[in-house]
2 protein chains.
Amino acid sequence: MPPVVTMGADGRRTGRRPATSAAELEHLALQIFAERGFEETTVDDIARAAGIGRRTFFRYFASKNDVPWGDFDGQLEVMRASLASAAAGEPTVAVLRRAILDFNTYPPAEGAWLRRRMTLILRTPALQAHSTLRYASWRGVIAEFVARRVGQPADALTPQAVAAAHLGVAVTAYEQWLREEGTDLVAILDEALGLLATGFAAF
Amino acid sequence: MPPVVTMGADGRRTGRRPATSAAELEHLALQIFAERGFEETTVDDIARAAGIGRRTFFRYFASKNDVPWGDFDGQLEVMRASLASAAAGEPTVAVLRRAILDFNTYPPAEGAWLRRRMTLILRTPALQAHSTLRYASWRGVIAEFVARRVGQPADALTPQAVAAAHLGVAVTAYEQWLREEGTDLVAILDEALGLLATGFAAF
DNA sequence: TTCACTTTCGGCACCGAGTGCCATTAGTGT
DNA sequence: ACACTAATGGCACTCGGTGCCGAAAGTGAA
């Protein structure tokens with residue numbers, strides 16, 4: 001069993017200790033990617049730099065493409081909880097907007113890292129492609145929430161469409177944010193999501 | 001130079017004739033994918049079935065992932081032209097809606113093939129991921145059109161957001177269509193795009 | 001200390017996608 | 001027969017990813 005999964009909080013542990021951690025490995029890999037480029041960096045390079053075997057690398061990450069995503073699933077859980085705890089009176093789209101903004105609000109210290117991570121993800125074709133699979137979980141969380149609100153199954157057209165549209169617009173906002181150095185991600189996200197709420201009929 | 005590219009309409013041709021065509025190869029490959037599954041089919045399998053060398057396969061398709069997409073770029077050109085020729089009086093979002101419906105209107109004879117292709121693309125993780133790269137061109141066409149209409153650069157937030165939202169919703173409609181055998185793709189697309197025009201504020 | 005047990009490590013061999021290189025083949029026109 | 005052109009396909013290689021399995025490094029108990 002991979003060390004990443006076993007990280008669970010057992011009272012005490014037995015057996016050999018993991019040589020490193022996913023977070024540490026991610027940090028190191030991101031640094032190398034930034035220097036040499038994603039495609040130009042082999043898994044061997046990363047493993048060698050981390051002082052572990054190539055085989056071991058794949059126990060920490062299912063694929064090279066998964067490295068930049070960190071604990072995305074954990075983050076998603078937070079968003080799911082945030083959505084679930086919203087007041088029933090608040091309009092669906094407003095809850096959604098707030099949750100997405102929260103989800104993408106990071107402490108200023110992490111801002112630079114976020115920028116690096118997202119630049120990598122959004123500008124590297126292999127990662128752009130791979131990200132689709134991560135986005136699917138994100139959409140799932142949104143769709144489930146909307147489905148509950150409108151009283152439809154989560155796989156119905158409306159919840160799915162709302163989720164897909166929000167995802168598309170959010171990614172667009174990220175791309176816009178990356179385009180200029182000093183801009184405010186949350187503000188751009190808010191503007192973009194505003195477009196969705198109003199609808200495009202005005203155009 | 002690959003045979004696919006050289007297909008240009010020169011007066012007369014010299015040199016060895018291509019052993020097959022991209023269309024023929026795609027047809028054959030899709031059949032094998034349907035029988036054995038995408039992941040389970042190797043490029044060697046396809047090449048052998050087509051009676052060509054493995055190396056030759058990669059002259060017809062840049063990757064195994066590109067096989068199911070056929071002449072997507074050609075189709076895109078048609079949509080671009082359709083958008084460009086729209087009356088200036090017609091609202092942007094209406095033009096968009098019509099163009100997308102046209103783009104996805106196929107002769108009934110091709111309906112079964114479309115379903116197979118899209119099932120493959122939308123339900124195979126590797127293809128789901130890869131499709132992102134194709135969708136980028138699609139978004140580009142939409143964004144350019146919207147940009148022209150609203151008098152902004154194509155990479156500005158609004159055109160990009162409109163394009164991304166439309167893409168997300170359109171893909172959702174496709175997924176909905178695949179879910180039930182006898183449904184009408186265009187009708188579902190129309191319904192989904194309608195949601196976008198109105199906006200989600202009502203929810 | 002030694003033994004049993006647990007968990008991670010990491011080497012090895014293997015598969016499949018994709019690429020650069022290049023001789024060969026199958027056409028054309030002179 | 002000869003030059004020219006374009007496609008073919010074999011070969012060798014890189015890289016991501018996986019199954020297998022013995023070795024290493026921890027734990028607690030005898």
Side-chain angles (χ1 to χ4, degrees), chain A residues 1-25 29 32-33 36-69 124-130 133, chain B residues 1-25 28-29 32-33 36-69 124-127 129-130 133:
Chain A
M1 209 166 293
V4 207
V5 178
T6 317
M7 282 311 181
D10 349 16
R12 51 186 144 305
R13 52 162 306 114
T14 81
R16 181 172 181 167
R17 258 167 318 214
T20 178
S21 70
E24 198 178 329
L25 213 43
I32 306 181
F33 290 156
R36 230 172 310 176
F38 182 82
E39 305 284 4
E40 290 70 27
T41 305
T42 72
V43 170
D44 267 308
D45 291 336
I46 304 170
R48 209 175 310 120
I52 62 174
R54 164 197 163 69
R55 190 65 184 78
T56 300
F57 171 90
F58 286 108
R59 289 212 180 79
Y60 286 88
F61 295 98
S63 77
K64 184 182 163 189
N65 288 333
D66 281 313
V67 172
W69 283 92
T124 306
L127 293 177
Q128 266 175 49
H130 182 73
L133 306 175
Chain B
M1 208 168 290
V4 208
V5 177
T6 317
M7 282 310 182
D10 348 15
R12 50 187 147 304
R13 52 163 307 112
T14 80
R16 182 173 181 165
R17 257 166 320 210
T20 178
S21 71
E24 197 177 331
L25 213 44
L28 175 64
I32 306 181
F33 289 157
R36 230 173 310 177
F38 182 81
E39 305 285 4
E40 291 71 26
T41 305
T42 72
V43 171
D44 266 309
D45 291 335
I46 304 170
R48 209 174 311 118
I52 61 174
R54 166 196 161 70
R55 192 61 183 78
T56 300
F57 171 91
F58 285 107
R59 290 213 180 78
Y60 286 88
F61 295 98
S63 78
K64 184 184 163 188
N65 287 334
D66 281 313
V67 172
W69 283 93
T124 306
L127 292 177
H130 182 73
L133 306 176

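Just so we're on the same page: letters track the sequence lines, and every chain starts at 1. Keep in mind that what you see is a predicted model, and the values were worked out from it rather than measured.
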Practice task
Assign Arg55(A) to base, sugar-phosphate, or nothing according to its heavy-atom contacts below 4.0 angstrom with the strands shown.
Solution key: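 The residue Arg55(A) makes base contact.
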
Practice task
For Ala47(A), report the nucleic acid contact type (base, sugar-phosphate, nothing); a contact means any heavy atom under 4.0 Å.
Solution key: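 It contacts nothing in the nucleic acid.
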
Rounded to whole angstrom units, what separation is found between the [atom1] atom of [X] and the [atom2] atom of [N]?
X	N	atom1	atom2	result
Glu39(B)	dC15(C)	CD	P	18 Å
Ile52(B)	dT25(C)	CD1	P	18 Å
Phe57(A)	dT18(D)	CZ	C1'	14 Å
Asp44(B)	dC11(D)	CG	P	12 Å
Asp66(B)	dA17(C)	CG	P	14 Å
His130(B)	dG18(C)	NE2	C1'	13 Å
Lys64(A)	dA17(C)	NZ	P	18 Å
Phe61(B)	dT19(C)	CZ	C1'	18 Å

Handout entry: Residue Thr42(A), side-chain atoms from C-beta onward, closest of dG10(C), dA17(C), dG16(D)
Key =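 That would be dG16(D).
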
Problem - Given dC9(C), dC21(C), dG16(C), the nucleotide with the shortest approach to the side chain of Arg59(B) - result: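 Minimum distance to the Arg59(B) side chain belongs to dC21(C).
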
Tell me whether the OP1 or OP2 atom of [N] has a side-chain N or O from [X] closer than 4.0 Å.
X	N	value
Thr14(B)	dG29(C)	no
Arg16(A)	dA24(D)	no
Ser63(B)	dA17(C)	no
Tyr60(B)	dA7(D)	no

Practice task
Select from Gly15(B) and Phe58(B) the residue whose nearest nucleotide in DNA chain C is closer to the 5' end of that strand.
Solution key: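 Upstream on the strand: Phe58(B).
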
Practice task
Name the residue closer to the 5' end of DNA chain C, choosing between Arg17(B) and Ala62(B) according to the nucleotide with the nearest heavy atom.
Solution key: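 Upstream on the strand: Ala62(B).
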
Exercise for the section: With the side chain counted from C-beta on, respond yes when Phe38(B) and Val67(B) share a heavy-atom pair under 4.5 Å apart, and no when they do not. Expected result: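 No - every pair of side-chain heavy atoms lies 4.5 Å or more apart.
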
Exercise for the section: Check whether any side-chain heavy atom of Phe61(A) lies under 4.5 Å from a side-chain heavy atom of Val43(A), and answer yes or no. Expected result: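 Heavy-atom side-chain distance check fails, nothing below 4.5 Å.
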
Practice task
Record whether the side chain of Arg54(B) comes under 3.5 Å of the base of dG16(C) through a donor-acceptor pair of N or O atoms.
Solution key: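 Such a pair does not exist between side chain and base.
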
Exercise for the section: Have a look at Phe57(B) and tell me which of Thr20(B), Ile46(B), Asp44(B) forms a side-chain contact (heavy atoms from CB on, under 4.5 Å) with it. Expected result: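 With Phe57(B) as partner, Thr20(B), Ile46(B), Asp44(B) yield a single side-chain contact (heavy atoms from CB on, under 4.5 Å), made by Ile46(B).
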
Practice task
Could you grab the distance from atom NZ of Lys64(B) to atom OG1 of Thr42(B), nearest 0.5 Å is fine?
Solution key: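 Rounded to the nearest 0.5 Å, the NZ-OG1 separation comes to 7.0 Å.
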
Handout entry: Atom pair CD1 (Ile52(B)) and CG (Leu25(B)), whose distance is rounded to the nearest 0.5 Å
Key =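 So the CD1 of Ile52(B) and the CG of Leu25(B) are separated by 4.5 Å.
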
